[in-house]
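Each remark here refers to the structure printed beneath this line.
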Amino acid sequence: MSKLVITYKDYVNCSIQGLNEIDRKICYDTFRVFVPTARFTPQYKLGHWDGYTNYYTLTGQTFVNLLPQIFNLIDMSKYEVEIIKPDNLLETPQFDLIDENFLSSEKWGKGHRFEGQSVIMFDHQVDIVNKCLQNPRAIIEAATGAGKTLISVALAKKVTEYGRFIIIEPSKDLTVQTAQVFKDLGLDVGIVGLGLREFDHKVLVCTWQTINSMERGSSEQKLSANEILKLKENVVGILFDECHQCKSYHLQKICNTTFKELPIKWGLTGTVPKDKCDKFALLTSLGDVVHHLDSKELQDKGILADCNIKCVRLIDNSQFMSYQDEVEYLYNNDDRNNFIANLLAGITQQCGNTLVLVNRIAVGEKLDKLLKNQGIDSVFLSGAIKTKKRFEEYDSIKTENNRCLIATAQIASTGLDIPRLFNLVLLDIGKSFVRVIQSIGRGLRIGVDKKHVDIYDICSSTKFSKKHFNDRIHYYEDKKFPYKVLNIENWK
């Protein structure tokens with residue numbers, strides 16, 4: 001029997017020595033990923049780089065988080081395994097498992113559908129928390145509306161028995177929202193970033209942009225070297241919320257450099273990317289996907305709202321030389337914008353609060369103006385609007401009716417908790433699997449008086465719009481969302 005020596009350098013990198021030549025080649029080929037953007041780089045064009053990232057090298061250098069996959073890939077019965085770890089590695093805490101009453105000492109706040117009641121966790125939330133507690137480096141894929149913030153609260157309460165815990169969000173809005181929920185549920189939480197430096201708390205919430213801001217960032221979020229040290233002090237674990245949104249480079253820098261010594265790294269997401277390159281960045285940085293929960297399962301349990309997707313396709317035979325030409329035509333077509341505004345006005349007046357996601361600020365501004373001209377209570381929100389103002393508008397949906405919020409997908413397609421949305425409109429939302437599924441998630445949360453949402457996918461039959469629409473249809477079928485295509489001929 002051959003001896004296999006696995007040497008940990010930290011909780012990220014390790015080396016494997018002793019694999020025979022065949023097994024070494026299998027690992028090398030399996031964990032070799034072509035980078036789609038490589039062909040646009042000077043190194044690739046000049047022949048200095050083959051375009052591949054090797055997550056396992058022929059010399060046996062690899063990632064700790066890939067070890068479970070490597071063990072499943074080769075016949076381990078041929079080897080006697082020895083694992084060597086440095087003496088200075090932090091010990092991984094051993095956690096007791098929780099039950100549904102773990103947070104029952106707290107009560108739900110105003111506006112929640114369980115307002116005033118004790119916080120009792122759903123079975124799926126208990127399962128997810130316990131999966132994480134049993135797997136110190138892991139990714140959870142759970143659909144929007146599964147209650148990932150409550151899951152984060154439970155994990156934070158367990159981890160802070162051993163040290164501090166950092167929650168990493170993809171945006172300012174989610175940072176503010178998460179910190180508020182943590183405070184409401186009795187945790188000692190502070191925000192780092194957004195002009196705040198609240199280091200003296202057990203739980204810290206910040207954006208990944210803030211942690212990596214020594215390279216870039218505005219003056220209000222940029223951290224000094226000393227502040228990075230303060231951020232890291234006595235931290236034993238980090239949790240990436242909506243981890244799919246963090247770009248590969250930034251995710252790897254945080255997990256594999258800044259916090260490489262931490263034993264606990266978890267990722268929560270509603271959508272693991274399909275792209276192999278992005279997926280490997282997540283796996284090597286955070287660990288394997290150890291739990292999957294999709295929207296259909298939550299809908300069947302009555303935890304998420306039922307939905308119908310109405311695909312409104314405007315028939316248009318116009319042809320264009322490029323994608324950019326087509327986009328400029330669609331976004332500046334007055335007849336099209338007027339039709340869409342009239343549709344939004346009817347939906348909002350007849351069916352209640354509506355969220356419209358757009359890709360361009362100019363389009364949102366045009367639609368907002370057209371709706372206001374019809375007397376609709378509408379507002380347009382983008383990254384240029386202050387966070388406080390945006391949350392005032394989001395919160396208005398809790399009590400107000402027949403409002404139309406128009407927002408850029410960049411700020412409102414992921415994570416935000418706005419339950420009383422009766423209609424969700426996706427306007428030329430594109431072909432990104434992650435963005436489409438996350439966007440639909442904005443409408444699936446159940447409200448006090450809401451158990452169903454109508455989703456409108458608006459597009460045109462022009463070349464690129466049609467192609468992107470066909471991609472989205474496949475996503476709807478994959479997620480088992482019911483849909484119907486409505487072709488509109490006379491819209492001009």
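Both backbone and side-chain heavy atoms feed into the values below; hydrogens, waters and symmetry mates do not.
- In the displayed structure, Lys451 atom NZ is contacted under 6.0 Å by at most 12 heavy atoms of other residues, nucleotides or ligands.
- For Asp96, the CG atom is loosely surrounded, since the number of other residues' heavy atoms within 6.0 Å does not exceed 12.
- No side-chain heavy atom of Ile84 sits under 4.5 Å from any side-chain heavy atom of Tyr8.
- Under the 6.0 Å distance and 45° angle rule, Lys260 does not count as a cation-pi partner of Tyr11.
- Cation-pi geometry between Lys158 and Phe95 is not met at under 6.0 angstrom from the ring centre and within 45 degrees of the axis.
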- Check against salt bridge (Lys or Arg N to Asp or Glu O under 4.0 Å), Lys131 and Asp127: CA-CA 6 Å; Lys131 277 283 187 182; Asp127 290 342; over 6 Å; no
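- A 4.5 Å side-chain heavy-atom check between His452 and Asn308 finds at least one atom pair inside the cut-off.
- For the residue pair Gln61/Lys9, the side-chain donor-acceptor check at 3.5 Å is satisfied.
- For the residue pair Thr210 / Thr207, a side-chain donor-acceptor distance below 3.5 Å is found, with atom types taken as modelled.
- By the neighbour-count criterion of 12 heavy atoms within 6.0 Å, atom NZ of Lys479 is densely surrounded, having more than that number from other residues, nucleotides or ligands.
- Taking the side chain as every heavy atom from C-beta outward, His201 and Val189 never approach each other to under 4.5 Å.
- Of the candidates Ile264, Ile98, Val159, Leu133 forms a side-chain contact (heavy atoms from CB on, under 4.5 Å) with just one, namely Ile98.
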